Amino acid sequence: MADITGKKVAFVLTDGYEDSELTSPWEAVQGAGGQPTLLAPKDGQVEGKKGHTQAVDGPVSGADASVYDALVLPGGVVNADHLRMDEDAVALVRGFVESGKPIGVICHGAWILIEAGGVEGRTITSYPSLRTDLRNAGAQWVDQEVVTDKGLVSSRTPDDLPAFNAKVLEEIAEGVHPR
């Protein structure tokens with residue numbers, strides 16, 4: 001496992017996320033010495049579609065990508081659909097895209113990357129129903145367990161989490177990837 005001791009990793013999500021797509025990468029980041037932070041459009045706590053709740057550490061409004069070393073975007077249809085409509089969340093994600101810092105995205109989380117201009121010219125995977133959306137946004141979509149493209153790590157479903165987590169940690173340890 002990669003050592004990411006002291007690295008700050010932002011997790012951006014809202015209610016309706018896929019529970020394991022938050023909890024599994026979160027535990028992997030902590031286990032590798034990283035410092036995960038949950039950022040959301042609302043205060044208090046967020047609730048996953050299967051009932052997991054977690055405290056929000058800070059708002060996406062006013063959050064700055066320069067404070068963090070990496071970003072993780074869990075999926076879940078409701079979560080991803082709401083985030084892509086939130087201007088502050090999109091602006092924060094755009095900051096990560098422009099910085100070249102590692103980004104991990106799984107399942108429907110790729111919707112917010114489309115809004116943030118982060119997929120054009122990139123090879124990416126996602127839940128299969130996003131294939132056309134990603135291609136229309138200029139990405140090359142592939143059906144693979146995990147795909148890495150210059151620091152952008154993507155996977156399809158919770159079944160892919162072991163490979164996703166390992167690759168996200170590896171990319172965080174490597175640091176910034178110029179596009």
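Because the structure is predicted, anything quoted here is derived from the model rather than measured. Computed over heavy atoms, backbone and side chain alike; hydrogens, waters and symmetry mates excluded.
- Put simply, CG on Asp143 and CZ on Arg131 are 8.0 Å apart, with the number rounded to the nearest 0.5 Å.
- Residues Ser20 and Leu161 have side chains in contact (heavy-atom distance under 4.5 Å, counting atoms from C-beta outward).
- Leu152 places a side-chain heavy atom less than 4.5 Å from the side chain of Leu113.
- His177 contributes a side-chain N or O that, together with a main-chain N or O of Gly175, makes up a donor-acceptor pair within less than 3.5 Å.
- The main-chain N or O of Lys50 is found under 3.5 Å from a side-chain atom of Asp19 such that the two form a donor-acceptor pair.
- Minimum interatomic distance between Ala2 and Ala173 (heavy atoms only, all atoms of both residues): CB-CB, 4.0 Å.
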Practice item. Kindly determine whether Val146 and Asp160 satisfy side chain to side chain contact (heavy atoms under 4.5 Å, CB included), including the steps that lead there. Key: CA-CA 7 Å; Val146 66; Asp160 300 334; 6.0 Å; no
Exercise for review: Dump the intermediate steps for side chain to side chain contact (heavy atoms under 4.5 Å, CB included) on Val9 and Asp69, then the final yes or no.
Suggested key: CA-CA 6 Å; Val9 181; Asp69 298 293; 5.6 Å; no
Hey, can you pull the donor-acceptor pairs under 3.5 Å for the side chains in residues 34-48, sequence neighbours left out?
{"unit_1": "Lys42", "atom_1": "NZ", "unit_2": "Asp15", "atom_2": "OD2", "d": "2.9"}
{"unit_1": "Lys42", "atom_1": "NZ", "unit_2": "Gln45", "atom_2": "O", "d": "3.1"}

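- Atom CD of Gln140 has 12 or fewer heavy atoms from other residues, nucleotides or ligands within 6.0 Å.
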Exercise for review: Begin from the C-alpha positions of Arg122 and Lys150 and carry the test side chain to side chain contact (heavy atoms under 4.5 Å, CB included) through to its verdict.
Suggested key: CA-CA 9 Å; Arg122 308 294 287 272; Lys150 297 180 185 88; 4.1 Å; yes
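- A 4.5 Å side-chain heavy-atom check between Gln54 and Phe11 finds every atom pair outside the cut-off.
- Val67 is connected to Leu73 through a chain of hydrophobic side-chain contacts under 4.5 Å among Ile, Leu, Val, Met, Phe, Trp and Tyr, so both are in one cluster.
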Exercise for review: May I have the step-by-step check of side chain to side chain contact (heavy atoms under 4.5 Å, CB included) for Ser129 and His108, ending in yes or no?
Suggested key: CA-CA 8 Å; Ser129 65; His108 287 80; 3.4 Å; yes
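- The nearest pair of heavy atoms linking Thr157 to Ile106 is O-CD1, 3.5 Å.
- Residues Trp111 and Asp81 are in side-chain contact: their nearest non-hydrogen atoms beyond the backbone lie under 4.5 Å apart.
- Looking at heavy atoms from C-beta onward, Asn79 lies out of side-chain contact with Glu18 at the 4.5 angstrom threshold.
- Here the side chain of Glu21 pairs a donor or acceptor atom with the backbone of Gly75 at under 3.5 angstrom.
- With hydrogens and angles ignored, the 3.5 Å screen pairs a side-chain donor or acceptor of Lys101 with a backbone N or O of Ala65.
- Between Pro102 and Glu171 the shortest heavy-atom distance is CG-O, 3.3 Å.
- Across all their heavy atoms, Phe164 and Ser155 have their closest contact at CB-OG, 3.3 Å.
- The shortest non-hydrogen separation linking Ala110 to Val105 is N-CG2, 3.3 Å.
- Put simply, the side chain of His52 reaches to within 4.5 Å of the side chain of Tyr17, judged on heavy atoms.
- The backbone N or O of Val142 sits less than 3.5 Å from a side-chain atom of Thr125, completing a donor-acceptor pair.
- We find the CD1-CD distance between Ile4 and Gln30 to be 10.0 Å, quoted to the nearest 0.5 Å.
- Atom-to-atom distance recorded for Ile112:CD1 and Asp86:CG is 7.5 Å, nearest 0.5 angstrom.
- Remark: Trp141 pairs with no residue by the ring pair (Phe, Tyr, Trp, His ring centres under 6.0 Å) rule, at least two apart or across chains.
- Results of the side-chain contact (heavy atoms from CB on, under 4.5 Å) test with Leu83 over Val90, Val60, Val12 single out Val12 as the only residue that passes.
- Looking at Asp88 and Pro59, their side chains never come closer than 4.5 Å, going by heavy atoms from C-beta outward.
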Exercise for review: May I have the step-by-step check of salt bridge (Lys or Arg N to Asp or Glu O under 4.0 Å) for Arg156 and Glu145, ending in yes or no?
Suggested key: CA-CA 6 Å; Arg156 303 167 298 191; Glu145 179 181 53; 5.6 Å; no
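- With a 4.5 Å cut-off on side-chain heavy atoms, Ile124 and Val147 do not count as touching.
- Linking ILVMFWY side-chain heavy atoms closer than 4.5 Å, directly or via other members, places Val78 and Leu130 in two distinct hydrophobic clusters.
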